[in-house]
2 protein chains.
Amino acid sequence: MYDYPEEVKLLKALTHPARLAILEILRGGEECVCHLEAALGVRQAYISQQLMVLRDAGLLQDRREGWNVYYRIIRPEIYSVLDAVRQMAGMPEARLTLTPIVCTCPNCKEENTHQVNIPVELLNVR
Amino acid sequence: MYDYPEEVKLLKALTHPARLAILEILRGGEECVCHLEAALGVRQAYISQQLMVLRDAGLLQDRREGWNVYYRIIRPEIYSVLDAVRQMAGMPEARLTLTPIVCTCPNCKEENTHQVNIPVELLNVR
DNA sequence: AGATAATATTCAAAAGGATGAATATAATAC
DNA sequence: GTATTATATTCATCCTTTTGAATATTATCT
């Protein structure tokens, strides 16, 4: 019996809630780890662990810039898989929070330069 | 963090070599368990175990006819997932043995009525 | 250099999935 | 009824994955 090594390896990397969530966030382009941390609300080390799995599966690549490390998708075809899965799972609407996430990375700081009146805690909620 | 319960459930059902092989065989339409057994060359009980997983995931339905139980796909959308996965995994060619599989079910017996000169053992080989 | 910020890795315990072996069920034939 | 054929289920063991906790690394700032 042929044992589909590549397919299984790929599916294994996908079969995990936090990893699915990370991939969904990265649809919008590269993000730093602290951004993922803010968006998912889980420990940083945990996110790094899941990023490692996705990196080892050849789906992500990282890029260091000063203190921050930015991750991005290098196999965009992954989204045809995820779209097909989402289609089957029902609920085809985007379920990502569209709430602007703010973390400490330079990108976020810059984006929010003109919103200093909004308390940071409120930006992460809901 | 949203935990993608449906997506993970579906992906879990797929992430297994024997189950992928079964789904590939069932692309061609419903088959009895003994057919899958002949095609995959593994124990019957093992196949039943994997069929149970696919059934519990809502992908398959069975139909009894005398001694034999025939399984068929009831969520054909699964193949858009599998096609996308196969695409990413490379090797887009069909890798199924196109060798005619012969088992003891009525379907197979009928198909081979006029081939009595060919020893059955040879039909399963290669 | 030391302090701090962001991220990564290692390790161990717990949970979950895979598999073989044995046995159970269901339908048919005699 | 018993025997036989096809398929299903249960159980125990092994193996892998998940997760938390602690620690390490890398870069920047002073």
Side-chain angles (χ1 to χ4, degrees), chain A residues 1 3-5 8-22 26 30-57 60-72 101-109, chain B residues 1 3-5 8-22 26 30-57 60-72 101-109:
Chain A
M1 184 188 69
D3 64 348
Y4 299 89
V8 169
K9 204 189 303 176
L10 173 59
L11 287 166
K12 268 189 185 156
L14 298 184
T15 309
H16 189 286
R19 295 199 288 267
L20 287 176
I22 289 172
L26 294 182
E30 76 172 9
E31 295 290 356
C32 66
V33 176
C34 62
H35 209 95
L36 298 171
E37 193 180 351
L40 300 181
V42 300
R43 296 173 303 120
Q44 171 272 318
Y46 187 74
I47 290 183
S48 268
Q49 286 170 334
Q50 304 311 150
L51 286 171
M52 193 191 317
V53 176
L54 292 170
R55 190 165 10 93
D56 289 352
L60 300 185
Q61 198 164 314
D62 54 352
R63 176 176 71 83
R64 175 145 228 150
E65 196 178 310
W67 276 339
N68 304 284
V69 175
Y70 293 84
Y71 278 85
R72 68 177 184 285
I101 301 294
V102 174
C103 67
T104 56
C105 77
N107 288 356
C108 287
K109 280 196 182 114
Chain B
M1 184 188 70
D3 65 347
Y4 300 88
V8 169
K9 203 190 305 178
L10 173 59
L11 287 166
K12 269 187 186 159
L14 299 184
T15 308
H16 190 285
R19 297 200 286 270
L20 288 176
I22 289 172
L26 293 183
E30 77 172 7
E31 295 289 356
C32 66
V33 176
C34 61
H35 209 95
L36 298 170
E37 192 181 351
L40 300 181
V42 299
R43 296 172 305 119
Q44 171 273 318
Y46 186 74
I47 290 183
S48 268
Q49 287 171 332
Q50 305 311 150
L51 287 170
M52 193 189 319
V53 175
L54 292 170
R55 191 167 9 93
D56 290 352
L60 301 185
Q61 197 163 315
D62 54 352
R63 177 177 70 82
R64 175 144 229 149
E65 197 179 311
W67 276 339
N68 302 284
V69 175
Y70 293 84
Y71 278 86
R72 67 175 185 288
I101 301 294
V102 174
C103 67
T104 57
C105 79
N107 289 357
C108 288
K109 280 196 182 115

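A, B, ... follow the sequence lines: proteins, then strands. Residue 1 opens every chain.
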Taking the side chain as C-beta and beyond, is there a heavy-atom pair between B:Asp62 and B:Leu51 under 4.5 Å?
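B:Asp62 does not reach B:Leu51 side chain to side chain.
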Is the shortest side-chain heavy-atom distance between B:Leu26 and B:Leu60 below 4.5 Å?
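Result yes, sub-4.5 Å side-chain heavy-atom pair found.
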Once you round it to whole Å, what is the distance between [atom2] of [N] and [atom1] of [X]?
X: B:Gln50; N: D:dT9; atom1: CD; atom2: C1'; answer: 14 Å
X: A:Asp56; N: C:dT10; atom1: CG; atom2: C1'; answer: 14 Å
X: B:His35; N: D:dA6; atom1: NE2; atom2: P; answer: 14 Å
X: A:Leu40; N: D:dT19; atom1: CG; atom2: C1'; answer: 16 Å
X: B:Leu36; N: D:dA6; atom1: CG; atom2: P; answer: 14 Å

Hey, is the side chain of [X] poking within less than 4.0 Å of OP1 or OP2 on [N], counting only N and O atoms?
X: A:His16; N: D:dT19; result: yes
X: B:Asn68; N: D:dT7; result: yes
X: A:Ser48; N: C:dT9; result: no

More 5' along DNA chain D: A:Ala45 or B:Cys34, using each one's nearest nucleotide?
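By nearest-heavy-atom nucleotide position, the 5'-most residue is B:Cys34.
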Pick the nucleotide of DNA chain D nearest each of A:Trp67 and A:Tyr46; which residue has the one closer to the 5' end?
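Taking each residue's closest nucleotide, the earlier one in sequence belongs to A:Tyr46.
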Have a look at A:Tyr71 and say if it touches a base, only the backbone sugar-phosphate, or nothing, with a 4.0 Å heavy-atom cut-off.
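A:Tyr71: backbone/sugar contact only, no base atoms under 4.0 Å.
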Short side-chain to backbone donor-acceptor contact, A:Arg19 and A:Ala13, under 3.5 Å:
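The answer is yes, because a donor-acceptor pair under 3.5 Å joins these two groups.
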Of the candidate nucleotides [options], which contains the atom at the shortest distance from the side chain of [X]?
X: B:Leu51; options: C:dA8, D:dA8, D:dT28; value: D:dA8
X: A:Arg43; options: C:dA8, D:dA21, D:dA6; value: D:dA21
X: A:Val33; options: C:dT7, C:dG20, D:dT18; value: C:dT7

Regarding D:dT10, can its base be found pairing with the side chain of B:Gln49 as donor and acceptor, where the two atoms are less than 3.5 Å apart?
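Answer is yes: a donor-acceptor pair is held.
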Under 3.5 Å, is there any donor-acceptor pair linking the side chain of B:Gln44 to the base of D:dA8?
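Side chain to base: pair present.
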side-chain contact (heavy atoms from CB on, under 4.5 Å) assessment of A:Tyr70 paired with A:Asn107
CA-CA 11 Å; A:Tyr70 293 84; A:Asn107 288 356; 3.6 Å; yes
I want to confirm an ordering. Mapping A:Arg64 and A:Arg55 to their closest nucleotides on DNA chain C, which one lands closer to the 5' end?
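Its nucleotide being nearer the 5' end, the pick is A:Arg64.
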Among A:His35, A:Arg63, A:Gln61, which residue meets the side-chain hydrogen bond (donor to acceptor under 3.5 Å, both in side chains) test with A:Glu30?
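One option only clears the test, and that one is A:Arg63.
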